[in-house]
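The structure displayed is predicted, hence computed values, not measured ones. Residues: numbered from 1 along the sequence shown.
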Amino acid sequence: MKCTIVFVALYSFCFYNVGSQVRKPGISMAERVQQLTEMANVKPVLKFNGNRFRDYVKATPRNYSVIVMFTAMAPHRQCVVCKHAHDEFVIVANSFRYSQAYSNKLFFAIVDFDEGSDVFQMMRLNTAPVFIHFPPKGKPKNLDTMDIQRIGFSAESIAKWINERTDINIRVFRPPNYSGTLALVVLFTLVAGILYLRRNNLEFLYNKNMWAIGALFFCFSMVSGQMWNHIRGPPFVHKNQNGQIAYIHGSSQAQFVLETYIVMVLNGAIVLGMILLTESGNRKRDSKKRKILAVAGLVLVSVFFSLILSVFRSKTQGYPYSFLFK
């Protein structure tokens, strides 16, 4: 009797272990599509960890595309551009969710490094953010990885890239942003207040230096590429594969936001040097001051022109000329 009880116990234990090691059969494609659709109706951007990524993105067969953003949103990761890229990605997903082109043929998902580091290893990714299109059939090709260094990661750029990969046209609808309108209202209010307070003495409006400085700042902002940044929405800086932060883009077809500020400062220093050289020719000044102005202006023009020429040389492959710096 004891032997029978022991045998039954051992048999039950072995059967339980064997049964628990058998992997549950995967869900069908129709069930995956239904579950993805239900989750997308609640939140257009789905958050995937390693298991969900394998179940919904890597599992086959599929009759839908998935746009996955690989990111690192945790503060300790210090990913400067991830937050901005995430906001633009959400705008595209929301625009698709409420557009006439909405269907269960396209889904948007995010994989964060802290929740899916195994996915990053699987995809051999060592940088963020990265946008990859997973087509219904086959593996992602080179063009299925969005080149954010070349075209940026604005919502319009993402939508255009998705259209090229999936033939699904997404019209981007941005949420209303009243910050620009508010800034204009504040600016006009300040100007009107100043004019009212100085209504009895408006000679400052004829100050040539004030208008010259304003014109210079406008020229610096336009020449440095601020309008290009507004249109393309490039990242502030970029972290390369070695983990180093790049401040200057390596191509003449793109730039970073910080790069435009650097170019603006360099141009400003060159103009300041030219102004000092011009002022040194004023014979009404003391001879020592004229020499100081001339030397300071010459140093500013030489050094900062060499720096801006070096930046141009690094962005234009094959450019042979340099001055003080290479």
Side-chain angles (χ1 to χ4, degrees), residues 80-81 83-84 87-88 91 152 154-156 172-237 247-249 254-312 323:
V80 181
V81 301
K83 179 63 170 61
H84 302 290
D87 294 340
E88 296 295 313
I91 289 174
S154 66
E156 290 76 12
V172 176
F173 294 96
R174 290 185 174 273
N177 185 4
Y178 301 104
S179 59
T181 304
L182 181 61
L184 287 176
V185 171
V186 172
L187 177 61
F188 281 117
T189 303
L190 290 175
V191 172
I194 293 173
L195 292 177
Y196 178 77
L197 294 175
R198 300 289 299 273
R199 62 186 182 276
N200 296 326
N201 184 10
L202 298 178
E203 293 182 359
F204 70 96
L205 292 177
Y206 301 97
N207 189 325
K208 295 181 180 180
N209 293 332
M210 182 188 70
W211 291 108
I213 293 173
L216 282 175
F217 274 106
F218 178 77
C219 292
F220 291 155
S221 61
M222 293 296 105
V223 172
S224 63
Q226 293 297 327
M227 188 57 67
W228 192 93
N229 292 343
H230 181 72
I231 296 173
R232 294 294 186 90
F236 187 78
V237 293
Y247 304 103
I248 306 294
H249 199 284
Q255 64 184 9
F256 301 133
V257 174
L258 183 60
E259 179 181 341
T260 62
Y261 298 147
I262 294 175
V263 172
M264 185 186 300
V265 171
L266 294 178
N267 283 325
I270 295 172
V271 170
L272 178 61
M274 294 299 298
I275 293 174
L276 294 180
L277 285 175
T278 303
E279 290 295 325
S280 66
N282 188 356
R283 296 183 177 181
K284 295 180 180 180
R285 294 181 179 274
D286 183 55
S287 59
K288 292 184 178 180
K289 290 183 178 180
R290 291 172 59 188
K291 291 181 181 179
I292 294 174
L293 290 176
V295 172
L298 184 62
V299 170
L300 286 174
V301 172
S302 301
V303 172
F304 288 98
F305 180 78
S306 300
L307 287 174
I308 201 169
L309 186 62
S310 177
V311 172
F312 179 78
F323 189 35

**Complete:** To the nearest 0.5 Å, atom CG of L195 lies from atom CG of L190 at 11.0 Å
**Asked** Looking at I91 and F173, what are the two nearest heavy atoms and their distance?
**Response** CG2-O, 3.8 Å
**Asked** Which heavy atom in F256 sits nearest to a heavy atom in Y247, and how many Å separate them?
**Response** CD1-O, 3.5 Å
**Request:** Give the minimum heavy-atom separation between L293 and S280, together with the two atoms involved.
**Result:** CB-CB, 3.9 Å
**Request:** Taking all heavy atoms of S154 and all of R174, pick out the closest pair and write down the distance.
**Result:** CB-NH2, 4.3 Å
Donor-acceptor list for residues 215-227 side chains, cut-off 3.5 Å, not counting sequence neighbours:
| from | atom 1 | to | atom 2 | distance (Å) |
| --- | --- | --- | --- | --- |
| S221 | OG | F217 | O | 3.3 |
| S221 | OG | F218 | O | 2.7 |
| S224 | OG | F220 | O | 2.9 |
| S224 | OG | S221 | O | 3.1 |
| Q226 | NE2 | T260 | OG1 | 3.2 |

**Item:** Contact summary for S302 and S306, nearest pair of heavy atoms
**Value:** O-OG, 2.6 Å
**Item:** From CG (N267) to CZ (F305), nearest 0.5 Å
**Value:** 10.5 Å
Would you list the atom pairs, donor with acceptor, under 3.5 Å between side chains in residues 268-278 and any protein atom, with sequence neighbours excluded?
| from | atom 1 | to | atom 2 | distance (Å) |
| --- | --- | --- | --- | --- |
| T278 | OG1 | M274 | O | 2.8 |

